[in-house]
A.B. asks: 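Sharing a structure with you now.
Throughout, residue positions are numbered sequentially from 1 according to the sequence presented. First listed ligand is number 1; within each ligand, the first listed atom is number 1. Both backbone and side-chain heavy atoms feed into the values below; hydrogens, waters and symmetry mates do not. Note that this is a predicted model, so its numbers are computed, not measured.
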Amino acid sequence: MKKDYSEYFKGPSLKDARKRFKEDVHHIDDAYEIPADMAGIGKGKTYFIKTYGCQANERDTEVMSGILETLGYTHDDDLEHADIVLLNTCAVRDNAEEKVFGRIGMLKKIKRENPGMIFGVCGCMAQEEVVVNRIKRKMPQVDLIFGTHNIHRLPQLLKAALLEKETVVEVWSKEGDVIENLPSHRAKDKKAWVNIMYGCNKFCTYCIVPYTRGKERSRLMEDVLREVNDLKDHGYLEVNLLGQNVNSYGKDLDADYDFATLLEEVAKTGIERIRFMTSNPNDFSEGMLRVINEYDNIMPYIHLPLQSGSTAVLKRMNRGYTREEYIELFDKLKELVPNAAVTTDIIVGFPNETEEEFEETLSMFDHCQYDLAYTFIYSPREGTPAATMEDHVTRKEKEDRLQRLNEKVNYYAHKANEKYLGTVQKVLVDGPSRKDPNVLAGYTETNKVVNFKGDPAHIGQIVPVKITEIRTWSLDGEEVE
Ligand code: 5AD
Ligand code: SF4
């Protein structure tokens, strides 16, 4: 079913993006079109996409690559001579944004030497009006700006950019529908990202994502299963089911299934390895725990962002759970899935976080003993509620807290790895390790990186590896027969 999208063309507005409309989301499988005069336009030409941020962006890059290849372009790592360069950006923290602005600056000179290049900025930053205005005012080297909701219109947008002298901007503040049947060029041939839903309705007070990615929209279960089965038929061994909060899967649909149902159905496809991310502790269901425990092909690895160990801070963050509720869930998870590795995300220095509140985060590590944690200093995001909160914590204090937290993280990460010493782990071999081409690297079922001596012919297979040494962030080993 086609729809009139003209109301979407207003340009970026975080205020509009905050709204949640009741109207139904449609699942559309014929929205993607190539204008007749764009067919084959990229023959003999190249593209380069730089991806920042999370897995949702990685997956979007795969789709944009697929679209560009359908137009005839081929991928090339040579950014300076590429005919199309896209920066797929992340808005979650200021330092990610500054990196992008640095790269846009660099491209000014490159474009001068390669004036035929089309240079585009897309992804989450493009959804922010401050960013778009700054680019329009000061960065004429950018030919095209588009957001996260209209990727399927890349052929039309590219056509406009090829014709227009001015920067072409098409950003939809209101999320569109769920678009199926887009081409994609997957980055890997054994492990695949599979979107199960888009957007987020949680509105944690620090987070820009509900604005840049719109309201929660689930894909239909039949579409997800078709994709997983197709991947399996093409030799894929692992799928990672993606959503900002996978626990909400299905709630926006008029359907009698939820994430536990989907997970079970994906498990029944028999694909070797299933992962999922991210789970908000707020609506992690018992049904999910049961399914995780029941199926061997659902990997015992759960990313469960805590953000803060203090109930007062969690309240200011609008996380929807208390310290005690998180502990209860965590303990239940460890009881039902004892071999599970659990990782987390933490923000330190949230507005007016006191020393005592910070210490409550530290003490959560003594309880949960996380396998790993990704730690961040709070970064105010314009347009979010937390950005207007009073904050008397100095930068120095925030940095000091981050360092103290990281010491805890590393201590428990090392401790969690100790139990692997001398064991044999099933490792899906990714390829040569980044540091030493004579060493292979891959992931255990619990998502530990293993660098090991093994047979390069086994790249892309799951092999047994004996763990001979442990490090804080990885394991070393040797392949066994
Ligand atoms: N400042 C710092 N960290 C943030 N995150 C999200 N928004 C912010 C912000 N404004 C972190 C959270 C989230 C992870 C993906 O990024 O910890 O889980
Ligand atoms: Fe951001 Fe919270 Fe949604 Fe995660 S659950 S994307 S932290 S608003």
A.B. asks: Counting non-hydrogen protein atoms only, what is the nearest one to atom 15 (C) of ligand 1? Give residue, atom name and distance.
C.D. replies: D345 OD2, 3.8 Å
A.B. asks: Heavy-atom distances under 4.0 Å are what count here, so tell me which part of I377 touches ligand 1: side chain, backbone, both or neither.
C.D. replies: backbone
A.B. asks: Quick one: NZ on K191 to OH on Y236, what's the gap to the nearest 0.5 Å?
C.D. replies: 12.0 Å
A.B. asks: Work out which heavy atom in N451 is nearest to a heavy atom in A441; give both atom names and the distance.
C.D. replies: OD1-CB, 3.5 Å
A.B. asks: Tell me the protein heavy atom at minimum distance from atom 17 (O) of ligand 1, and give that distance in Å.
C.D. replies: Q307 OE1, 2.7 Å
A.B. asks: Select one of side chain, backbone, both or neither to describe which atoms of I347 lie under 4.0 Å from any atom of ligand 1, heavy atoms only.
C.D. replies: side chain
A.B. asks: Quick one: which ligand 1 atoms are inside 4.0 Å of a heavy atom on R381?
C.D. replies: 10 (N)
A.B. asks: Starting from atom 7 (S) of ligand 2, locate the nearest protein heavy atom and write down its residue, its atom name and how far away it is, to 0.1 Å.
C.D. replies: Y206 OH, 3.3 Å
A.B. asks: Keeping to distances under 2.8 Å, can you name the protein N/O/S atoms close to atom 2 (Fe) of ligand 2?
C.D. replies: C204 SG
A.B. asks: Which protein non-hydrogen atom lies closest to atom 5 (N) of ligand 1, naming both residue and atom, and how far is it?
C.D. replies: R93 NH1, 3.4 Å
A.B. asks: Specify the closest pair of heavy atoms between I271 and V266, including all atoms of both residues, with the distance to one decimal.
C.D. replies: CG2-O, 4.3 Å
A.B. asks: Just which atoms of ligand 1 are under 4.0 Å from any heavy atom in F376?
C.D. replies: 3 (N), 11 (C), 14 (C), 16 (O), 17 (O)
A.B. asks: For H75 and F48, take the angle between the two ring planes, folded into 0 to 90°, and tell me which bin it lands in: parallel under 30, tilted 30 to 60, perpendicular over 60.
C.D. replies: parallel
A.B. asks: Determine the sole option in R319, R323, E325, E324 for which the side-chain hydrogen bond (donor to acceptor under 3.5 Å, both in side chains) test with Y321 is passed.
C.D. replies: R319
A.B. asks: Strictly below 4.0 Å, N to O, side chains only: are R404 and E355 in salt-bridge contact?
C.D. replies: yes
A.B. asks: Run the numbers for me: atoms of ligand 1, each under 4.0 Å from some heavy atom of V92, listed by number.
C.D. replies: 6 (C), 7 (N), 8 (C), 9 (C), 10 (N)
A.B. asks: Could you tell me if the ring centre of Y412 sits under 6.0 Å from that of Y370?
C.D. replies: no
A.B. asks: Do we get R134 above F101's six-membered ring, with its NZ or CZ under 6.0 Å from the centre and within 45° of the axis?
C.D. replies: yes
A.B. asks: Taking side-chain hydrogen bond (donor to acceptor under 3.5 Å, both in side chains) as the criterion, tell me which of N447, D345, T278 meets it with H303.
C.D. replies: D345
A.B. asks: Relative to ligand 1, is Y206 under 4.0 angstrom through side chain, backbone, both or neither, heavy atoms considered?
C.D. replies: both
A.B. asks: Taking distance alone, with N or O pairs closer than 3.5 Å, would you say S379 contacts ligand 1?
C.D. replies: yes
A.B. asks: So is R316 actually on top of F350's ring, under 6.0 Å and inside 45° of the axis?
C.D. replies: no
A.B. asks: Using every non-hydrogen atom in the two residues, find where A91 and I208 come nearest and quote the distance to one decimal.
C.D. replies: O-CG2, 3.4 Å
